[in-house]
Amino acid sequence: MSDFFYRVHFYLFGLLAIASAITFITRKGPVAAALWLVNTMFCLAAIYVMMDAHFIGAIQVLVYAGAIMVVFLFVLMLLNLGHPDEISDIRGKWGRIAAAFIGLAVLAQVMALARSQAPEELLVPAATAAAELRDLNAVGSIAKPMFTEHLLAFELTSVLLLVAIVGAVVLGKRRATA
Amino acid sequence: MMVAEALALSAVLFAIGVIGVLTRRNAIVIFMCVELMLNAVNLSFVALSRLYGATGQVFVVFVMTVAAAEAAVGLAIIISIFRHRQTVDLQNINILKG
């Protein structure tokens with residue numbers, strides 16, 4: 001019974017995510033598109049929580065659906081692009097057909113890759129996430145590998161963020177002389 | 001554990017993102033489609049982390065950081081292009097065409 005409940009909700013959120021994503025790429029107005037993308041991200045956060053990645057679900061809502069999409073909406077409002085009154089920004093018939101073909105080809109490729117079995121030497125010895133989640137808690141199971149095995153990458157991302165902030169300020173600044 | 005279903009969902013979302021990048025002309029919407037593709041990849045990381053331990057979730061945190069940096073710099077570039085050309089329509093932006 002509990003498994004059935006889980007399954008129903010997984011498919012519910014999955015289908016909702018796909019439907020929102022399709023609505024997102026077919027909206028003419030960029031603001032409406034951005035809000036549908038936020039809906040997709042919320043559905044993905046629900047799926048993360050269902051897959052025992054509670055911390056990832058939380059930062060999906062905070063960072064992606066919150067911070068990043070707010071920046072996008074802010075730029076859309078700043079540039080005043082909310083009016084779809086001019087020509088539609090979706091490409092013409094041949095562009096759409098080509099995009100559908102390439103999209104389906106990518107989908108088929110990824111599906112085929114998911115069905116194929118990876119070579120034995122590439123597979124990590126199966127340590128189930130449930131045991132890790134029991135020993136450490138939701139945050140600790142991420143924090144431990146991040147600050148031991150991936151410490152250098154973690155420090156590099158902080159440098160990357162600093163460079164991005166400085167770069168955004170320099171690019172966005174109006175020239176005083178221009 | 002629904003790992004196969006999650007991977008299929010991830011593939012579908014990634015393909016939708018690809019179609020969006022190829023069909024839209026508005027540079028900001030194309031950026032959002034890239035974000036959708038990054039989200040799809042994050043979903044596959046989380047799904048596989050149920051089989052192979054929490055390292056996949058660490059990668060998700062890194063992907064989110066890089067996505068935030070990319071959004072900040074990319075949108076700053078779009079704003080400065082908009083100041084020069086008064087448009088974000090990729091049909092009208094051909095300064096890199098040579």
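The figures here come from the full heavy-atom set of this structure, side chains too, leaving out hydrogens, waters and symmetry mates. Every chain is numbered from 1, with letters handed out A, B, ... down the list of sequences.
Taking the side chain as every heavy atom from C-beta outward, A:L107 and B:V18 never approach each other to under 4.5 Å. Proximity of B:V61 to A:I56: side-chain heavy atoms (C-beta onward) are separated by under 4.5 Å at one or more points. Considering only heavy atoms from C-beta on, A:L44 comes within 4.5 Å of B:L13 through its side chain. Contact annotation: the side chain of B:N26 approaches that of A:P30 to within less than 4.5 Å [non-hydrogen atoms, C-beta and beyond]. By the 4.5 Å heavy-atom criterion applied to side chains, A:L79 and B:I28 are counted as neighbours. Residues A:M146 and B:Q57 form no side-chain contact, since every pair of their non-hydrogen atoms from C-beta on lies 4.5 Å or further apart. By the 4.5 Å heavy-atom criterion applied to side chains, B:N42 and A:Y64 are counted as neighbours. Within the 4.5 Å cutoff, the side chain of A:I47 has heavy atoms near those of the B:L9 side chain.
A chain of hydrophobic side-chain contacts below 4.5 Å, direct or via other Ile, Leu, Val, Met, Phe, Trp or Tyr residues, connects A:Y11 to B:I16. Side-chain heavy atoms closer than 4.5 Å link hydrophobic residues (I, L, V, M, F, W, Y) into clusters, and following such links, possibly through other members, connects A:M77 to A:F72. In this structure, A:M51 is a member of the same hydrophobic cluster as A:V139, with clusters built from ILVMFWY side-chain heavy atoms closer than 4.5 Å. The cluster map of Ile, Leu, Val, Met, Phe, Trp and Tyr, joined by side-chain heavy atoms under 4.5 Å apart, puts A:L16 and A:L35 in different clusters. Both A:F101 and A:W94 sit in one connected hydrophobic cluster of ILVMFWY residues. Membership requires side-chain heavy atoms under 4.5 Å apart, directly or through other members.
Contacts of A:S158 with chain B are absent, with no heavy-atom separation under 4.5 Å from either backbone or side chain. Only the side chain of B:F59 comes within less than 4.5 Å of a heavy atom in chain A; its backbone stays farther off. Both the backbone and the side chain of A:V71 come within less than 4.5 Å of a heavy atom in chain B. Using a 4.5 Å cut-off between heavy atoms, A:K173 touches chain B through its backbone atoms (N, CA, C, O) alone. Heavy atoms of B:L43 lying under 4.5 Å from chain A belong to its backbone as well as its side chain. Interface remark: A:M69 contributes side-chain atoms only to the contact with chain B (heavy atom separation under 4.5 Å). Contact of A:L37 with chain B is made through the side chain alone, with heavy-atom distances under 4.5 Å. In this structure, the portions of B:I77 lying under 4.5 Å from any heavy atom of chain A include both its backbone and its side chain. Contact annotation for A:I59: both backbone and side-chain heavy atoms come within less than 4.5 Å of a heavy atom of chain B. Both the backbone and the side chain of B:V66 come within contact range of chain A, with heavy atoms under 4.5 Å apart. Proximity to chain B (any heavy atom under 4.5 Å) is shown, for A:F74, by neither the backbone nor the side chain. In this structure, the portions of A:A34 lying under 4.5 Å from any heavy atom of chain B include both its backbone and its side chain. Both the backbone and the side chain of A:T157 come within contact range of chain B, judged by heavy atoms closer than 4.5 Å. In this structure, chain B has no heavy atom under 4.5 Å from any part of A:A67. Interface residue A:F154: backbone and side-chain heavy atoms are both found under 4.5 Å from chain B. Both the backbone and the side chain of B:E35 come within contact range of chain A, with heavy atoms under 4.5 Å apart.
In terms of heavy-atom proximity, A:A164 sits nearest to B:A69 at CB-CB, 3.6 Å. Residues B:M64 and A:I68 approach most closely at O-CD1, 4.4 Å, considering heavy atoms. For B:A11 against A:V110, the heavy-atom pair with the smallest separation is CB-CG1, 3.5 Å. The two residues B:G20 and A:I25 have their closest heavy-atom pair at CA-CG2, 3.8 Å. The shortest heavy-atom contact between B:A54 and A:S141 is CB-O, 3.2 Å. In this structure, A:G103 and B:A15 approach most closely via the heavy-atom pair O-CB, 3.7 Å.
The residue among B:V21, B:L7, B:L36 with the most heavy atom pairs within less than 4.5 Å of chain A is B:L36. With chain B as partner, the option from A:V106, A:I18, A:L160 having the largest number of non-hydrogen pairs under 4.5 angstrom is A:I18. Ranked by heavy-atom pairs shorter than 4.5 Å toward chain A, the options B:T65, B:L75, B:V73 are led by B:L75.
For the atom pair CD1 of B:I78 and CG of A:L76, the computed distance is 9.0 Å after rounding to the nearest 0.5 Å. Here A:I102 contributes atom CD1 and B:T23 contributes atom OG1; the two are 11.0 Å apart, rounded to the nearest 0.5 Å.
Judged by distance alone, the side chain of A:R96 and the main-chain N or O of B:L22 form no donor-acceptor pair under 3.5 Å.
Using cut-offs of 30° and 60° on the angle between ring planes, the pair A:H150 and B:F62 is perpendicular.
Inspection of the A:Q60 and B:N39 side chains reveals an N or O donor paired with an N or O acceptor under 3.5 Å.
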